[in-house]
Amino acid sequence: MVAQRGYETDWVRNIQAEPRVRVKVRTGAGLGWRAGTAHILDDDPHERRRLIGLGSRARRICMAAAAVGDTDALAVRVDLDGAADDTAHTGDG
């Protein structure tokens, strides 16, 4: 995931305080919640912006807007726990 506003993003601040997270993921059975641990990646934001910009037109537009806004985007990786069947939850909560 990419936090466009970097460390100023509320969910990044939450991860800094508590890296254990739940994310909603699409599975063969629909949508489900998975638990995991989030990690803020220490990489080159300009290179990341370039690589992401190689994707779809929407990604190129998003990365161009980030460049114009001179934001310090951060990449965040979430390592999911166990198998989907063990940690998936139904509902929105």
Report task. Could you tell me whether the side chain of Val23 reaches within less than 4.5 Å of the side chain of Leu80, counting heavy atoms only? Result -> yes
Query - Reported CZ-to-CG distance for the pair Arg26 and Leu31, which is rounded to 0.5 angstrom - result: 5.0 Å
Requested in this report: Could I get the full list of side chain to side chain contact (heavy atoms under 4.5 Å, CB included) partners for Glu18, not counting sequence neighbours?
Outcome: Arg20
Query raised in the report: What residues form a salt bridge (Lys or Arg N to Asp or Glu O under 4.0 Å) with Arg57, not counting sequence neighbours?
Result: none
Query raised in the report: Between atom CG of Asp79 and atom CZ of Arg34, what is the distance when rounded to the nearest 0.5 Å?
Result: 11.0 Å
Query raised in the report: Given side chains that start at C-beta, do those of Ile40 and Tyr7 come closer than 4.5 Å, heavy atoms only?
Result: yes
Query raised in the report: Is there side-chain contact between Val2 and Leu74, with heavy atoms separated by less than 4.5 Å?
Result: no
Requested in this report: Take Val76 and Ile15 through the side-chain contact (heavy atoms from CB on, under 4.5 Å) test and state the conclusion after the steps.
Outcome: CA-CA 9 Å; Val76 177; Ile15 287 169; 3.9 Å; yes
Query - Side-chain donor/acceptor of Thr9 to backbone N/O of Val12, under 3.5 Å - result: no
Query - Test salt bridge (Lys or Arg N to Asp or Glu O under 4.0 Å) applied to Asp42 - qualifying residues, sequence neighbours left out - result: none
Query - Interatomic spacing from CZ in Arg77 to CE in Met1 - rounded to 0.5 Å - result: 11.0 Å
Query raised in the report: Trp33 and Val25: same hydrophobic cluster, using ILVMFWY side-chain contacts below 4.5 Å?
Result: no
Query raised in the report: What heavy-atom pair brings Gly36 and Asp81 nearest, and what distance separates the two atoms?
Result: CA-OD1, 3.8 Å
